[in-house]
Amino acid sequence: MTALALAVTGAGVRAAGMGPFAKDRYCWGAWEQDSGPRLLGDDELGRSGSKRTAEESAAPSADRPEGTCTLRVTSSVPDDHGASATDAYGADDDQASKTIEFKKTVEVRYGAVPASEEEHLKWLQRFLGGSVAPLPDGVPGLVGGAEGMVVLPEGCDVDGRPTVVTISADETGDGHLGLVNMPVSIGSQRDVARLLLAVANEGMRRTGCAQGAAPLRVTSPVKPVRDREIGGVGSTSTCGIRGLGFATVKGDHYDALAGTVEDDVQLCTLTNTDDVKNPVFTGQFVMVAHPRLAALFQGLTGDRSPGPGWRGKGRLTGSYDIVRTDCAHGPTVFALQLESDYLKKIAVPDSGGAFARAVNAVGDRIGCPDVAPRR
């Protein structure tokens with residue numbers, strides 16, 4: 001299948017939907033009904049009573065380079081399991097007519113990464129997890145089936161913080177079991193890339209922050225993400241990263257989602273799976289070597305060495321360890337977040353040592369001279 005170019009120009013958006021049979025447009029005109037992604041087509045409205053609605057903030061502008069767009073798809077189906085035993089024999093019961101109401105919410109944000117350290121770290125957890133894959137063709141972004149982000153050129157930075165476009169989704173079903181979170185998908189990785197880049201290009205056009213630059217464009221397929229590793233948290237290796245070790249014991253329930261492993265991106269997410277249906281984020285290892293992806297960590301690395309024997313600048317806090325240095329691909333960031341006190345306690349030989357070993361292991365893979373002291 002020939003890859004489709006994922007670019008939307010301002011002129012194309014303005015021209016679309018003119019006349020008496022104009023199609024619906026969303027997100028400041030960046031998205032058009034039936035333009036390709038499943039989210040915008042008739043297939044997304046396959047359930048009974050389905051409808052698509054949208055809410056938008058004011059469009060991004062030079063004076064206010066931020067904005068939020070929310071698209072919702074609502075629908076309903078008969079709640080057969082909500083009927084009582086009496087209903088099965090034809091008795092008249094209100095339960096028999098109940099339905100399950102579904103609501104999918106897709107939110108797009110245009111703006112700088114959060115300024116506060118706490119919100120900044122949570123943002124990184126959400127959009128640099130093991131479930132996303134890098135955009136091809138040198139475009140600085142990551143996409144999965146339910147979320148994605150793209151970093152805009154340096155000319156769009158706000159107060160030294162990179163401007164990004166993010167997309168995320170959730171879906172709920174509300175029936176006899178109450179409000180339940182459902183598995184959610186915005187669409188294929190190609191769909192998510194198209195939606196992201198359309199808003200990014202429209203936002204840059206409106207703010208004028210990338211004058212003279214070509215629209216962000218992807219023509220190659222997005223590589224699929226590796227599958228989840230069952231039992232992937234080990235004492236000597238986690239997510240296939242030698243030295244990222246945790247001395248778990250029988251009865252511990254941790255899972256490792258080993259995502260992308262490329263020369264300029266490597267991602268790993270750790271979750272506590274005591275509740276299999278509701279895994280809880282407990283940790284994350286990230287390596288990024290693309291200059292604009294490395295810029296996402298601006299403000300977290302500090303301006304001094306993280307400690308004796310380290311090459312680069314960074315911090316070792318226990319909750320998050322981070323170092324930024326120069327490697328063959330340019331500025332490279334290595335980071336480890338641990339939200340679980342238990343994982344910090346059982347890290348081998350300790351959380352700082354596990355980070356140092358992981359940094360050197362990944363550095364060895366990408367041809368980067370020792371960054372951390374050997375432990």
Side-chain angles (χ1 to χ4, degrees), residues 3 5-8 30 60 65-66 108-114 120-121 123-144 147-168 189-205 207 209-225 259-267 284-301 322 324-335 362 366 368:
L6 311 183
V8 175
E66 60 185 42
V108 179
R109 290 184 176 271
Y110 180 105
V113 296
H120 193 166
L121 291 170
W123 187 96
L124 293 169
Q125 291 172 16
R126 178 68 189 271
F127 294 105
L128 273 72
S131 62
V132 293
L135 290 172
D137 303 328
V139 176
L142 300 159
V143 295
E147 67 278 313
M149 69 92 191
V150 63
V151 190
L152 303 190
E154 188 175 357
C156 298
D157 286 2
V158 176
D159 297 329
R161 292 175 289 131
T163 292
V164 294
V165 178
T166 62
I167 187 169
S168 57
Q189 290 174 315
R190 187 177 77 164
D191 279 356
V192 176
R194 293 184 68 177
L195 294 167
L196 268 177
L197 298 190
V199 174
N201 288 324
E202 180 64 13
M204 288 190 291
R205 184 189 71 80
T207 60
C209 69
Q211 292 182 1
L216 294 174
R217 181 180 177 87
V218 166
T219 58
S220 304
V222 181
K223 292 182 179 180
V225 184
T260 293
V261 181
E262 302 287 346
D263 285 351
D264 57 354
V265 181
Q266 183 160 352
L267 304 172
Q284 174 187 49
F285 179 86
V286 174
M287 181 281 292
V288 291
H290 191 293
R292 293 307 289 159
L293 293 179
L296 294 173
F297 293 84
Q298 185 71 29
L300 296 176
T301 56
I322 183 170
R324 178 187 175 110
T325 190
D326 289 322
C327 295
H329 293 273
T332 302
V333 173
F334 303 85
V362 175
I366 63 174
C368 187

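Bear in mind that the values here come from a model prediction, so they are computed numbers and not experimental data.
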*Are Ser131 and Glu147 close enough that a side-chain donor and a side-chain acceptor fall under 3.5 Å?*
yes

*Does the Arg324 side chain pair with the main chain of Thr301, one donor and one acceptor, at a distance under 3.5 Å?*
no

*Provide the closest heavy-atom pair for Arg161 versus Pro114 in the form atom of the first, atom of the second, distance.*
NH1-C, 3.9 Å

_Run the salt bridge (Lys or Arg N to Asp or Glu O under 4.0 Å) test against Glu154 and tell me which residues pass, sequence neighbours left out._
none

*Do the side chains of Pro136 and Val222 get nearer than 4.5 Å, heavy atoms only?*
yes

*So, Asp137 side chain and Thr219 main chain: donor-acceptor pair closer than 3.5 Å or not?*
yes

*Would you call Met149 and Val165 a side-chain contact if the rule is heavy atoms closer than 4.5 Å?*
no

_Steps toward side-chain contact (heavy atoms from CB on, under 4.5 Å) verdict (Thr325, Cys327)_ = CA-CA 7 Å; Thr325 190; Cys327 295; 4.0 Å; yes

_Just so I know, are the side chains of Tyr110 and Val164 near enough to count as touching, which here means a heavy-atom distance under 4.5 Å?_
no

*asked:* In the structure I gave you, are the side-chain heavy atoms of Phe127 and Val132 within less than 4.5 Å of one another anywhere?
replied: no

*Hey, could you give me the CD/NE2 distance between Gln125 and His120, rounded to the nearest 0.5 Å?*
11.5 Å

*Once you round to the nearest 0.5 Å, how far does CG of Asp264 lie from OG1 of Thr332?*
9.0 Å

*Do the non-hydrogen side-chain atoms of Met204 and Gln211 ever get within less than 4.5 Å of each other?*
no

*Taking the side chain as every heavy atom from C-beta outward, state whether Leu196 and Leu216 have any atom pair closer than 4.5 Å.*
no

*Euclidean distance, Ile322 CD1 relative to Leu121 CG, rounded to 0.5 Å*: 8.0 Å

*Separation of Leu135 CG from Lys223 NZ (nearest 0.5 Å)*: 13.0 Å

*Do other residues, nucleotides or ligands put more than 12 heavy atoms under 6.0 Å from Arg109 CZ?*
no

*asked:* Quick one, Cys209 and Thr163 - any side-chain contact, counting heavy atoms below 4.5 Å?
replied: no

*Side-chain contact test, heavy atoms from C-beta onward, threshold under 4.5 Å: evaluate it for Val192 versus Ile167 and give yes or no.*
yes

*Closest heavy-atom contact between Thr260 and Ala133?*
OG1-CA, 3.3 Å

Please report, to 0.1 Å, the donor-acceptor pairs under 3.5 Å made by any side chain of residues 284-294, with sequence neighbours excluded.
residue: Gln284; atom: OE1; partner: Gln337; partner atom: NE2; Å: 3.2
residue: Gln284; atom: NE2; partner: Leu124; partner atom: O; Å: 3.1
residue: Gln284; atom: NE2; partner: Leu128; partner atom: O; Å: 2.8
residue: His290; atom: ND1; partner: Arg292; partner atom: N; Å: 3.1
residue: His290; atom: NE2; partner: Gly138; partner atom: O; Å: 3.2
residue: Arg292; atom: NE; partner: Leu152; partner atom: O; Å: 3.1
residue: Arg292; atom: NH2; partner: Leu152; partner atom: O; Å: 2.8
residue: Arg292; atom: NH2; partner: Asp157; partner atom: OD1; Å: 2.8

*Looking only at non-hydrogen atoms, find the nearest pair between Gly130 and Leu267 and report the distance.*
CA-CB, 4.3 Å

*Nearest 0.5 Å please: distance from the CZ atom of Arg190 over to the CG atom of Leu195.*
11.5 Å

